[in-house]
Amino acid sequence: MRQSRASMIEATRAKLLAAGRRAFAAQGYAQASMDDLTAQAGLTRGALYHHFGGKPGLLAAVVAQMDAEMDERLEAVLAAHADPWKGFLAYCRAYLAMAQEAEIRRIVLQDARSVLTGTDQGEQHRKCIQFVANFLQGLMEQGVIVQASAPALARVLNGCLVEAAFWIAEEDAPTSRLAEAMQALELMLQGWRPREATPQ
(Lines give C-alpha, C1' and ligand atoms only; values in the text may rest on other atoms or scores of the structure.)
Protein backbone atom coordinates (compact mmCIF):
# COMPACT_ATOMS: atom_id res chain seq x y z
CA MET A 1 0.00 0.00 0.00
CA ARG A 2 1.45 3.32 -1.08
CA GLN A 3 1.97 6.03 1.50
CA SER A 4 -0.02 9.21 1.00
CA ARG A 5 1.96 12.34 0.18
CA ALA A 6 1.11 13.84 3.58
CA SER A 7 2.32 10.78 5.47
CA MET A 8 5.55 10.72 3.43
CA ILE A 9 6.18 14.38 4.22
CA GLU A 10 5.53 13.76 7.91
CA ALA A 11 7.83 10.72 7.92
CA THR A 12 10.62 12.75 6.29
CA ARG A 13 10.21 15.57 8.81
CA ALA A 14 10.24 13.09 11.68
CA LYS A 15 13.47 11.49 10.40
CA LEU A 16 15.17 14.87 10.10
CA LEU A 17 13.95 15.96 13.54
CA ALA A 18 15.23 12.77 15.16
CA ALA A 19 18.60 13.00 13.39
CA GLY A 20 18.95 16.69 14.21
CA ARG A 21 18.07 16.12 17.85
CA ARG A 22 20.65 13.35 18.18
CA ALA A 23 23.35 15.41 16.47
CA PHE A 24 22.65 18.61 18.44
CA ALA A 25 22.60 16.70 21.74
CA ALA A 26 25.81 14.79 21.02
CA GLN A 27 27.91 17.44 19.28
CA GLY A 28 26.23 20.78 19.83
CA TYR A 29 24.69 22.94 17.12
CA ALA A 30 27.91 24.50 15.85
CA GLN A 31 29.68 21.15 15.41
CA ALA A 32 26.71 19.23 13.98
CA SER A 33 27.24 18.61 10.25
CA MET A 34 24.18 18.92 8.01
CA ASP A 35 25.65 16.36 5.64
CA ASP A 36 26.21 13.86 8.45
CA LEU A 37 22.82 14.26 10.06
CA THR A 38 20.93 14.06 6.76
CA ALA A 39 22.96 10.98 5.78
CA GLN A 40 22.03 9.36 9.11
CA ALA A 41 18.39 10.01 8.27
CA GLY A 42 18.89 8.49 4.79
CA LEU A 43 18.04 11.86 3.21
CA THR A 44 19.75 14.71 1.38
CA ARG A 45 20.71 18.22 2.45
CA GLY A 46 18.05 19.39 -0.01
CA ALA A 47 15.38 17.64 2.06
CA LEU A 48 16.52 19.55 5.14
CA TYR A 49 16.29 22.88 3.28
CA HIS A 50 12.91 21.97 1.82
CA HIS A 51 11.31 21.08 5.16
CA PHE A 52 13.09 23.41 7.59
CA GLY A 53 14.80 26.09 5.49
CA GLY A 54 18.22 25.15 6.83
CA LYS A 55 20.03 24.26 10.02
CA PRO A 56 18.55 27.07 12.20
CA GLY A 57 15.05 26.02 11.15
CA LEU A 58 15.79 22.44 12.13
CA LEU A 59 17.06 23.60 15.52
CA ALA A 60 13.89 25.67 16.04
CA ALA A 61 11.74 22.62 15.23
CA VAL A 62 13.75 20.42 17.61
CA VAL A 63 13.40 23.01 20.37
CA ALA A 64 9.64 23.25 19.77
CA GLN A 65 9.37 19.46 20.04
CA MET A 66 11.37 19.44 23.27
CA ASP A 67 9.39 22.37 24.70
CA ALA A 68 6.16 20.43 24.14
CA GLU A 69 7.61 17.38 25.89
CA MET A 70 8.78 19.51 28.82
CA ASP A 71 5.33 21.06 29.17
CA GLU A 72 3.73 17.60 29.25
CA ARG A 73 6.12 16.51 31.99
CA LEU A 74 5.46 19.65 34.02
CA GLU A 75 1.68 19.31 33.72
CA ALA A 76 2.01 15.72 34.97
CA VAL A 77 3.90 17.02 38.03
CA LEU A 78 1.03 19.39 38.81
CA ALA A 79 -1.54 16.63 38.35
CA ALA A 80 0.32 14.36 40.77
CA HIS A 81 -0.28 16.69 43.75
CA ALA A 82 -3.60 17.02 45.55
CA ASP A 83 -2.43 20.18 47.34
CA PRO A 84 -2.37 22.96 44.69
CA TRP A 85 0.38 25.02 46.38
CA LYS A 86 2.67 22.00 46.81
CA GLY A 87 1.94 21.06 43.21
CA PHE A 88 2.86 24.58 42.08
CA LEU A 89 6.16 24.49 43.98
CA ALA A 90 6.91 21.01 42.58
CA TYR A 91 6.16 22.32 39.06
CA CYS A 92 8.68 25.16 39.47
CA ARG A 93 11.31 22.87 41.02
CA ALA A 94 10.87 20.33 38.20
CA TYR A 95 11.40 23.01 35.56
CA LEU A 96 14.65 24.13 37.18
CA ALA A 97 15.83 20.53 37.60
CA MET A 98 15.40 19.98 33.85
CA ALA A 99 18.15 22.56 33.29
CA GLN A 100 20.69 19.96 34.43
CA GLU A 101 19.47 17.28 31.99
CA ALA A 102 22.15 17.03 29.31
CA GLU A 103 19.90 17.17 26.23
CA ILE A 104 17.77 20.08 27.49
CA ARG A 105 20.82 21.93 28.80
CA ARG A 106 22.68 21.80 25.51
CA ILE A 107 19.89 22.20 22.95
CA VAL A 108 17.21 24.32 24.65
CA LEU A 109 19.25 26.39 27.10
CA GLN A 110 22.63 26.81 25.38
CA ASP A 111 22.35 26.44 21.60
CA ALA A 112 18.82 27.79 21.12
CA ARG A 113 19.60 30.92 23.12
CA SER A 114 22.71 31.73 21.08
CA VAL A 115 21.35 30.74 17.64
CA LEU A 116 17.65 31.54 17.60
CA THR A 117 16.87 35.26 17.79
CA GLY A 118 13.73 37.34 17.52
CA THR A 119 10.77 38.10 19.75
CA ASP A 120 8.35 35.43 18.52
CA GLN A 121 8.76 32.54 20.93
CA GLY A 122 6.22 30.33 19.23
CA GLU A 123 2.80 28.88 19.86
CA GLN A 124 4.09 26.38 22.42
CA HIS A 125 5.47 29.23 24.55
CA ARG A 126 2.15 31.08 24.40
CA LYS A 127 0.28 27.93 25.42
CA CYS A 128 2.64 27.44 28.36
CA ILE A 129 2.15 31.03 29.58
CA GLN A 130 -1.63 30.67 29.26
CA PHE A 131 -1.59 27.35 31.12
CA VAL A 132 0.37 28.90 34.00
CA ALA A 133 -1.89 31.99 34.06
CA ASN A 134 -4.98 29.78 34.25
CA PHE A 135 -3.45 27.73 37.06
CA LEU A 136 -2.48 30.87 39.00
CA GLN A 137 -6.01 32.23 38.56
CA GLY A 138 -7.27 29.01 40.12
CA LEU A 139 -4.88 29.44 43.06
CA MET A 140 -6.23 32.97 43.60
CA GLU A 141 -9.83 31.74 43.53
CA GLN A 142 -8.94 29.15 46.19
CA GLY A 143 -7.21 31.77 48.33
CA VAL A 144 -3.85 30.02 47.98
CA ILE A 145 -2.08 33.12 46.63
CA VAL A 146 -2.90 36.83 46.84
CA GLN A 147 -5.06 38.55 44.24
CA ALA A 148 -3.14 39.98 41.30
CA SER A 149 -3.11 39.87 37.49
CA ALA A 150 -2.71 36.21 36.54
CA PRO A 151 -1.19 37.01 33.10
CA ALA A 152 1.32 39.38 34.74
CA LEU A 153 2.28 36.83 37.39
CA ALA A 154 2.64 34.13 34.73
CA ARG A 155 5.03 36.34 32.72
CA VAL A 156 7.05 37.28 35.81
CA LEU A 157 7.29 33.65 36.89
CA ASN A 158 8.27 32.52 33.38
CA GLY A 159 11.00 35.15 33.22
CA CYS A 160 12.40 34.10 36.59
CA LEU A 161 12.34 30.39 35.74
CA VAL A 162 13.85 30.82 32.28
CA GLU A 163 16.66 33.11 33.44
CA ALA A 164 17.43 30.79 36.37
CA ALA A 165 17.47 27.81 34.00
CA PHE A 166 19.92 29.59 31.67
CA TRP A 167 22.14 30.33 34.69
CA ILE A 168 22.00 26.71 35.89
CA ALA A 169 22.78 25.43 32.38
CA GLU A 170 25.81 27.62 31.68
CA GLU A 171 28.95 25.85 30.51
CA ASP A 172 30.96 24.58 33.51
CA ALA A 173 28.31 25.82 35.98
CA PRO A 174 28.59 24.13 39.41
CA THR A 175 25.74 21.75 40.24
CA SER A 176 25.10 23.79 43.40
CA ARG A 177 23.38 26.43 41.26
CA LEU A 178 20.22 24.30 41.11
CA ALA A 179 19.77 24.37 44.90
CA GLU A 180 20.62 28.08 45.02
CA ALA A 181 18.07 28.90 42.32
CA MET A 182 15.39 26.81 44.01
CA GLN A 183 15.96 28.60 47.31
CA ALA A 184 15.78 32.03 45.64
CA LEU A 185 12.63 31.08 43.74
CA GLU A 186 10.85 29.78 46.83
CA LEU A 187 11.75 32.92 48.78
CA MET A 188 10.11 34.96 46.02
CA LEU A 189 7.03 32.74 45.81
CA GLN A 190 6.41 32.92 49.56
CA GLY A 191 5.65 36.61 48.93
CA TRP A 192 2.71 35.53 46.80
CA ARG A 193 1.06 33.79 49.77
CA PRO A 194 -1.56 35.48 51.96
CA ARG A 195 -0.04 36.70 55.21
CA GLU A 196 -1.95 34.16 57.28
CA ALA A 197 -0.73 31.21 55.16
CA THR A 198 1.74 28.84 56.80
CA PRO A 199 5.05 28.58 54.87
CA GLN A 200 5.54 25.20 53.17
Side-chain angles (χ1 to χ4, degrees), residues 1-78 91 94-134 151 154-155 157-173:
M1 182 176 175
R2 291 184 62 188
Q3 279 186 303
S4 69
R5 178 170 171 74
S7 65
M8 288 176 67
I9 290 170
E10 188 54 40
T12 300
R13 282 181 59 86
K15 284 180 184 178
L16 287 166
L17 271 171
R21 186 163 171 172
R22 283 193 303 270
F24 297 150
Q27 301 155 32
Y29 176 84
Q31 284 72 41
S33 158
M34 287 194 294
D35 289 332
D36 289 347
L37 72 86
T38 52
Q40 287 173 15
L43 298 164
T44 64
R45 185 188 281 223
L48 187 148
Y49 279 104
H50 176 73
H51 289 282
F52 297 104
K55 196 175 170 185
L58 179 60
L59 176 63
V62 167
V63 170
Q65 181 186 65
M66 293 177 69
D67 278 344
E69 293 169 3
M70 290 165 69
D71 286 347
E72 284 180 15
R73 289 171 59 186
L74 291 169
E75 289 176 27
V77 169
L78 271 183
Y91 173 98
Y95 178 83
L96 292 180
M98 287 179 186
Q100 289 189 334
E101 295 180 19
E103 186 184 45
I104 291 171
R105 181 175 184 240
R106 177 162 234 171
I107 298 175
V108 177
L109 298 173
Q110 291 179 353
D111 286 343
R113 189 182 203 192
S114 64
V115 175
L116 304 177
T117 58
T119 56
D120 183 11
Q121 294 173 292
E123 184 62 24
Q124 192 62 41
H125 176 76
R126 286 186 281 276
K127 285 180 181 177
C128 178
I129 293 289
Q130 189 59 54
F131 175 84
V132 172
N134 291 343
R155 291 280 177 177
L157 179 65
N158 180 75
C160 291
L161 288 173
V162 169
E163 280 304 315
F166 284 138
W167 183 62
I168 292 165
E170 283 178 358
E171 199 72 44
D172 301 321

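Residue indices begin at 1 and follow the sequence shown.
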With sequence neighbours excluded, give me every side-chain hydrogen bond (donor to acceptor under 3.5 Å, both in side chains) pair touching [range].
range	answer
residues 161-171	Arg113-Glu163, Glu170-Arg177
residues 31-48	Asp35-Arg45
residues 46-61	none

Heavy atoms only: give me the nearest [X]-[Y] pair and the separation to one decimal.
X	Y	value
Ile107	Ala25	CD1-N, 3.7 Å
Leu116	Ala60	CD1-CA, 3.8 Å
Ala169	Ala99	CB-O, 3.7 Å
Phe24	Asp111	O-OD2, 4.4 Å
Leu59	Ala112	CD2-CA, 4.2 Å

Check for a donor-acceptor pair, side chain of Gln100 on one end and backbone N or O of Ile168 on the other, with a separation under 3.5 Å.
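Here the side-chain-to-backbone pair does not exist.
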Considering only distance and modelled atom types, tabulate donor-acceptor pairs under 3.5 Å from the side chains of residues 70-78, sequence neighbours left out.
{"unit_1": "Asp71", "atom_1": "OD2", "unit_2": "Gln124", "atom_2": "NE2", "d": "2.8"}
{"unit_1": "Arg73", "atom_1": "NH1", "unit_2": "Glu101", "atom_2": "OE1", "d": "3.1"}
{"unit_1": "Arg73", "atom_1": "NH2", "unit_2": "Glu101", "atom_2": "OE2", "d": "2.7"}

What's the separation between atom OH in Tyr95 and atom CG in Leu157, rounded to the nearest 0.5 Å?
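Here the interatomic distance stands at 10.0 Å.
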When rounded to the nearest 0.5 angstrom, what distance separates CE in Met66 from CG in Leu109?
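Answer for the CE-CG pair, Met66 versus Leu109, is 8.5 Å.
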Using the test side chain to side chain donor-acceptor pair (under 3.5 Å), find all partners of Glu10 that sit at least two apart in sequence or belong to another chain.
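Glu10 satisfies side chain to side chain donor-acceptor pair (under 3.5 Å) with no other residue.
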Going by salt bridge (charged side-chain N to carboxylate O under 4.0 Å, His left out), name the pairs with one or both residues in residues 19-28, residues two or more places apart or in two chains.
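Non-adjacent pairs meeting salt bridge (charged side-chain N to carboxylate O under 4.0 Å, His left out): Arg21-Glu69, Arg21-Glu103.
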Taking the side chain as everything from C-beta on, heavy atoms only, tell me whether [X] gets closer than 4.5 Å to [Y].
X	Y	answer
Val132	Asn158	no
Tyr29	Gln110	no
Leu43	Leu48	no

